[in-house]
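Working notes for the structure below.
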Amino acid sequence: MAEYRPEEIETKWQRVWEERQIFRAVDDPGRPKYYVLEMFPYPSGRIHMGHVRNYTIGDVLARYKKMRGFNVLHPMGWDAFGLPAENAALRHGVHPADWTYDNIDYMRRQLRRLGFSYDWTREFATCDHEYYRHEQLFFIQMLERGLAYRKKTLVNWCPSCHTVLANEQVEDGTCWRCGTEVTQREMEGWFFRITAYAEELLEGLKRLQGKWPEKVLTMQRNWIGRSEGAEIEFPLEGLSEKITVFTTRPDTLYGVTFISLSPEHPLAEKLAEDSGLRAEFEAFRQRCRRQRREIEEGVAEKEGLFLRAYAIHPLTGERVPIFAANFVLMEYGTGAVMAVPAHDQRDFEFAKKYGLPIKVVIRPPEGDLDPETMEAAYEDPGVMVNSGPFSGLPSEEGKQKIVEHLENLGVGRRRITYRLRDWGVSRQRYWGCPIPVVYCERCGVVPEKPENLPVKLPLNAQLDEAGRSPLPQLESFVKTRCPRCGGPARRETDTFDTFVESSWYFLRFACPDAREPLDRERVHYWLPVDQYIGGIEHAILHLLYARFFTRVLRDLGYVQLDEPFERLLTQGMVIKEPYRCPRHGWIYPEEVSPEGTCLKEGCGEKVIVGRPEKMSKSKCNVVDPDEMIRRYGADTVRLFMLFAAPPEKDLEWSDRGIEGAHRFLKRVYQLIMNRADKLREVSPYTGDGKDLSPELRALRRKTHQTIRRVTRDLEERLHFNTAIAAVMELVNFIEDTLKEVPEETPGFRSVLKESLRAVVLLLSPMTPHICEELWSALGEERLVSEASWPEWDEEVAREEEITIVVQVNGRVRDNLRLPADADEETVKRAALSSERVRRHLEGKTLRKVVFVPGRLINFVAG
RNA sequence: GCCGAGGUGGCGGAAUUGGGAGACGCGCUGGAUUCAGGAUCCAGUGGGGAUACCCCCGUGCGGGUUCGAGUCCCGCCCUCGGCACCA
């Protein structure tokens with residue numbers, strides 16, 4: 001009995017792959033390429049099961065496409081800048097650089113041990129200055145084109161991370177990384193003009209339909225938040241200025257009874273001062289800033305401050321009072337809103353609170369509205385009333401008509417606004433890419449000269465104990481000369497948001513050694529990424545930034561590409577149920593007795609089993625990949641990851657499940673190794689099958705059907721779980737055949753060889769090591785990793801006899817084995833001769849016969 | 001509240017196009033092997049009734065279309081995810 005020793009086999013073949021460099025991607029414009037990419041990891045220390053799942057899926061695809069003859073690019077690198085490195089440095093007294101590179105070394109070993117088919121010659125880390133220097137150049141060029149700019153605004157500040165966050169990085173008012181509540185601060189910082197691409201980013205989503213998960217497309221669409229409407233000007237009474245509002249409901253213009261301004265609106269401050277309300281206004285504005293979170297969640301009560309000023313309605317000439325209101329956001333539209341209480345719920349609530357008039361201008365299709373008794377705003381379409389010459393128009397039509405009228409008068413125009421805001425990229429952090437500008441006393445803000453790049457992040461920095469960036473205190477870094485006038489200047493000490501690095505790494509993988517930022521030809525050959533794989537948590541953040549950055553680089557002339565990722569697979573999380581003891585809190589599975597009681601300190605309390613959730617250290621429900629590899633080998637871990645669930649769903653970790661996967665591999669190993677000697681010299685069957693026994697013909701049929709099924713599962717759906725199930729069925733079938741068919745049967749060995757070769761080939765992208773071993777045991781000279789994917793023969797796969805289901809009134813009563821091409825008459829005759837069928841037809845009149853060739857026959861009787 | 005995905009045995013999950021519901025695996029039950037346990041192998045395994053042939057019920061709930069519905073249509077319930085004073 002051959003014994004399956006995964007560790008031995010796996011390290012052996014990993015060495016062979018390494019020595020022969022078989023996964024090296026070489027540009028070859030004559031061959032069709034396939035670029036598989038998994039989202040690169042942050043080098044946090046060790047890989048977790050989520051990585052294993054993500055990278056296993058990618059690896060299967062890369063290996064499969066290689067077998068299909070594609071020139072495959074499958075690279076790996078490190079998203080190496082970021083805050084955890086600084087935190088670790090504080091805790092353990094190691095420099096972020098050392099910590100990061102050590103982690104990379106460890107994690108690279110882990111990935112190699114899993115046998116992933118990366119082209120390691122293309123590896124890089126984003127904290128290498130040879131990588132980020134190019135990013136600095138991009139920035140300078142964006143600056144020249146106005147795609148990067150500096151401004152002072154209210155920003156999201158995480159007090160725990162000591163840094164600013166982009167809107168995309170604030171989740172429910174808290175920091176996406178540490179969960180601390182985010183506060184508002186007025187600060188200067190650098191921004192990327194992603195809003196200039198809002199329409200294109202939205203439009204581009206259409207071409208991704210069917211290739212990206214619908215969910216991700218929807219999330220991006222909502223995030224960009226396009227809305228069509230109009231800008232309308234309201235002159236101020238007694239002043240030369242005017243207020244410009246944005247509205248999506250120009251049809252309700254005649255219903256305006258007041259104007260609401262954001263407290264951050266410049267005119268709000270001015271009007272307050274003019275009215276002698278300076279102190280009150282300032283207090284109100286401060287309160288609004290503090291309330292920001294509640295305001296954004298919509299839980300804060302509406303509050304306003306009458307500015308004792310009036311605007312003039314552009315059509316009716318009426319005076320409308322102006323308020324500063326806490327719910328009006330300066331960042332959206334124009335920061336000013338025309339309030340129509342009758343037809344907007346927010347304005348309605350505000351009007352009720354401050355006793356402002358409610359004027360109905362839209363009548364519902366049925367019934368009428370009475371401002372006195374209304375309990376909520378009527379926001380649906382209807383017919384315009386009390387609207388001067390526009391009365392009587394359907395509101396949808398009225399929108400157009402009013403805007404046209406305003407355009408003619410020159411006091412309004414059609415306008416589209418987006419919810420998307422510009423991307424704030426300044427971070428007050430040390431471990432990031434320096435922003436290459438200096439502040440010169442004479443010249444102001446000056447970009448570094450391209451030939452002076454990179455602006456290297458100094459590695460001699462002493463980290464601040466409070467967790468602040470040491471850069472501003474680092475004289476040798478800060479003190480510099482102006483690239484323009486040579487005079488004394490101060491260096492920018494903010495670094496880039498680390499999402500900037502991950503916005504273009506997939507391009508650099510095409511030419512990691514290029515001296516220029518990107519080699520147009522090589523990028524053109526390899527890009528777009530044909531299949532991108534990663535977690536859903538980046539549905540907006542990374543994926544939106546990357547789509548934006550790719551377009552920027554296109555406009556800067558570096559690439560000829562709009563969408564970087566042709567297909568996207570968002571894999572589910574790896575989850576596991578946590579255990580909790582009423583006395584000890586979260587406990588490890590080892591601390592639970594078979595009876596379900598707590599073993600900690602002889603506790604004995606009944607343990608509560610939580611519902612499966614994302615693995616986390618604090619819940620004690622993590623499974624360590626190293627431990628699993630040690631116990632079962634990489635192939636088993638990979639197999640389980642693929643088999644337990646389809647990739648887009650969450651995968652529930654199961655100790656029993658991985659045992660099952662291991663058991664299957666042991667069975668396959670023994671099935672083949674125990675016969676390998678006898679089969680080595682045998683050629684796979686090539687005849688037409690006429691000389692074979694029915695059992696052997698059946699085995700060939702099953703084999704070819706399996707090849708067909710696995711190919712379709714991998715090609716069309718990426719459903720590895722059903723592909724594996726199909727191979728398991730084939731293995732079961734082979735074992736059954738071996739039991740029934742004597743070895744001397746003519747053709748036995750060659751048919752067996754054909755089937756076993758298929759098993760090995762079909763499994764090889766998923767469990768490559770064991771398959772190399774079995775492949776060579778079967779006498780193959782080449783590596784299975786370099787073999788061609790097997791093909792199926794429709795003729796062989798076709799069933800000679802099929803089962804026809806016989807129904808009476810839609811209920812199954814019998815089934816018949818008949819030749820595949822049996823016609824209706826034959827089937828009918830056979831079915832009616834069945835005793836079981838006759839019994840159910842007895843005493844009834846046959847009304848109708850439904851015949852589905854090759855499937856079923858249904859007798860309708862009554 | 002709005003948008004999206006989903007609800008199938010004890011569990012993870014299958015089911016091309018409307019055509020035998022529950023593939024494959026886990027678990028469980030019985031048996032073989034063993035001094036014993038483990039491992040392995042064999043058989044069974046949706047529920048109920050009969051325990052022989054068979055019959056009835058069954059894919060969140062209620063209706064509908066159809067010879068036939070897990071699959072299509074209408075109305076609800078629940079779970080998960082995203083968005084949510086964006087004018």
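Residue numbers start from 1 in every chain, and the chains themselves are labelled A, B, ... in the order their sequence lines are given, proteins ahead of strands.
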With heavy atoms under 4.0 Å as the rule, sort A:Arg813 into base, sugar-phosphate or nothing. sugar-phosphate
Give me the distance, rounded to whole Å, that separates B:rA21 from B:rG13 when you measure between the C1' atoms they each carry. 14 Å
Taking only the side-chain nitrogens and oxygens of A:Lys848, find out if one of them lies under 4.0 Å from OP1 or OP2 of B:rC67. yes
Taking for each residue the nucleotide of RNA chain B bearing the nearest heavy atom, is the 5' side occupied by A:Val245 or by A:Arg712? A:Arg712
State the pairing partner of B:rU59; accept Watson-Crick or G-U wobble contacts with both distances under 3.5 Å, and report none otherwise. none
Sticking with atom P, work out how far B:rA69 lies from B:rG63, rounded to a whole angstrom. 14 Å
Across every strand shown, the nucleotide meeting Watson-Crick or G-U wobble geometry with B:rG81 (both distances under 3.5 Å) is B:rC3
Verify the contact: side-chain N or O of A:Asn721 to OP1 or OP2 of B:rA14, cut-off strictly under 4.0 Å; return yes or no. yes
Would you indicate what A:Pro213 reaches in the nucleic acid, counting non-hydrogen atoms under 4.0 angstrom: base, sugar-phosphate, or nothing? nothing
Partner lookup for B:rA69, please. Criteria are Watson-Crick or G-U wobble with both distances under 3.5 angstrom; report none if nothing qualifies. none
Indicate, with a heavy-atom threshold strictly under 4.0 Å, whether A:Glu214 touches base, sugar-phosphate, or nothing. nothing
For the residue pair A:His343 and A:Arg249, what are the closest heavy atoms and their distance? O-NH1, 4.4 Å
Consider the side chain of A:Val860, meaning its heavy atoms from C-beta on, and name the nucleotide among B:rC55, B:rC67, B:rC3 that approaches it most closely. B:rC67
Under the salt bridge (charged side-chain N to carboxylate O under 4.0 Å, His left out) definition, can you give me all pairs with a residue in residues 709-736 of chain A, not counting sequence neighbours? A:Lys65-A:Glu715, A:Arg68-A:Glu715, A:Arg667-A:Glu735, A:Lys702-A:Glu729, A:Arg709-A:Glu729, A:Asp713-A:Arg717, A:Asp736-A:Lys739
For B:rG18, give its Watson-Crick or G-U wobble partner with both distances under 3.5 Å, or none. none
Base partner of B:rG44, which must satisfy Watson-Crick or wobble distances under 3.5 Å: B:rC28
A:Gln807 CD to B:rA21 P, straight-line distance once rounded to whole Å: 8 Å
Residue matched to B:rA39 through Watson-Crick or wobble contacts both under 3.5 angstrom: none
B:rG81 C1' sits how many Å from A:Met219 CE, rounded? 8 Å
Looking across every strand, which nucleic acid part, if any, lies under 4.0 Å from A:Thr722 by heavy atom: base, sugar-phosphate, or nothing? sugar-phosphate
Distance check needed: B:rA87 P versus A:Asp251 CG, whole Å only. 14 Å
Taken to the nearest whole Å, CZ/A:Arg611 to P/B:rG6 is 18 Å
Looking at residues at least two apart in the chain, or sitting in another chain, which of them share a salt bridge (charged side-chain N to carboxylate O under 4.0 Å, His left out) with A:Lys399? A:Glu396
Output all residues satisfying salt bridge (charged side-chain N to carboxylate O under 4.0 Å, His left out) with A:Asp344, sequence neighbours left out; order by chain, then residue number. A:Arg346
Tell me whether the rings of A:His542 and A:His538 are parallel (<30°), tilted (30 to 60°) or perpendicular (>60°). perpendicular
How is A:Ser227 classified with respect to the nucleic acid when contacts are heavy atoms under 4.0 Å: base, sugar-phosphate, or nothing? sugar-phosphate
Checking A:Glu577 against A:Arg611 for the salt bridge (Lys or Arg N to Asp or Glu O under 4.0 Å) test, could you report, in this order, the C-alpha distance in whole Å, the side-chain angles of both residues, the deciding distance, and whether it holds? CA-CA 5 Å; A:Glu577 74 278 2; A:Arg611 77 137 117 215; over 6 Å; no
Same-atom distance (P) from B:rC77 to B:rG25, integer angstrom: 40 Å
Judged by whether its glycosidic angle lies within 90° of 0, B:rG7 is anti
Between CD1 of A:Ile724 and C1' of B:rA14 the distance, given in whole Å, is 14 Å
Can you check the distance between B:rU71 and B:rC61, where both ends of the measurement are the P atom (answer in whole Å)? 11 Å
If you compare every side-chain N and O of A:Lys649 against the phosphate oxygens of B:rG13 (OP1, OP2), does one of them come in below 4.0 Å? yes
Give me the distance, rounded to whole Å, that separates B:rG4 from B:rC72 when you measure between the P atoms they each carry. 16 Å
B:rC53 to B:rG64 separation - C1' atoms, rounded to the nearest Å: 38 Å
If you look only at pairs with a residue in residues 639-657 of chain A, which of them pass as a salt bridge (charged side-chain N to carboxylate O under 4.0 Å, His left out), with sequence neighbours excluded? none
Within the pair A:His840 and B:rC55, is there a side-chain N or O less than 4.0 Å away from OP1 or OP2? yes
Considering every strand and a 4.0 Å limit on heavy-atom distances, what is the contact class for A:Arg419: base, sugar-phosphate, or nothing? base
Would you say A:Ser227 and A:Thr248 are linked by a side-chain donor-acceptor pair, where the criterion is simply a distance under 3.5 Å? no
N/O to N/O distances under 3.5 Å, protein versus nucleotides 40-46 of chain B:
| unit_1 | atom_1 | unit_2 | atom_2 | d |
| --- | --- | --- | --- | --- |
| B:rC42 | OP1 | A:Lys739 | NZ | 2.8 |

For atom CZ of A:Arg847 and atom P of B:rG68, their distance in whole Å: 13 Å
What contact category does A:Arg717 fall into here, base, sugar-phosphate, or nothing, at under 4.0 angstrom with non-hydrogen atoms? sugar-phosphate
With sugar-phosphate meaning primed atoms plus P, OP1 and OP2, does A:Asp347 contact a base, only sugar-phosphate, or nothing at under 4.0 Å between heavy atoms? nothing
For a quick check of understanding: with a heavy-atom distance under 4.0 Å over all strands, which category does A:Phe643 fall into, base, sugar-phosphate or nothing? base
With a cut-off of 6.0 Å (strictly less than), are more than 12 heavy atoms of other residues, nucleotides or ligands near NZ of A:Lys242? no
For A:Ala830 and A:Leu816, work out which heavy atoms get closest and say how close. CB-CD1, 4.0 Å
For A:Arg221, which contact category applies under a 4.0 Å heavy-atom criterion: base, sugar-phosphate, or nothing? nothing
For the pair A:Arg415 and A:Glu228, find out whether any cationic side-chain nitrogen is under 4.0 Å from an anionic carboxylate oxygen. no
Whole angstrom value for the distance that separates P of B:rG81 from CD of A:Gln220: 20 Å
Given B:rC24, B:rC26, B:rC54, which nucleotide is nearest the side-chain atoms of A:Asn732? B:rC24
I'd like the P distance from B:rG60 over to B:rU8, given in whole Å. 7 Å
For A:Tyr632 and B:rA39, what is the distance between atoms OH and C1' respectively, to the nearest whole Å? 13 Å
Let's see if you can work this out: which of B:rA87, B:rC54, B:rG19 has an atom nearest to the side-chain heavy atoms of A:Val850? B:rG19
Report yes or no: is there a donor-acceptor pair, N or O only, under 3.5 Å between the side chain of A:Asn858 and the base of B:rC67? yes
For A:Asn815, answer base if it contacts any base atom (sugar-phosphate contacts may also be present), sugar-phosphate if it contacts only those atoms, and nothing otherwise; contact means non-hydrogen atoms under 4.0 Å. base
Which residue lies more 5' along RNA chain B, comparing A:Arg836 with A:Val812 via nearest heavy atoms: A:Val812
A:Lys619: what forms a salt bridge (charged side-chain N to carboxylate O under 4.0 Å, His left out) with it, not counting sequence neighbours? A:Glu613
Using the C1' atom as the point on both nucleotides, what is the distance between B:rG37 and B:rG12, in whole Å? 29 Å
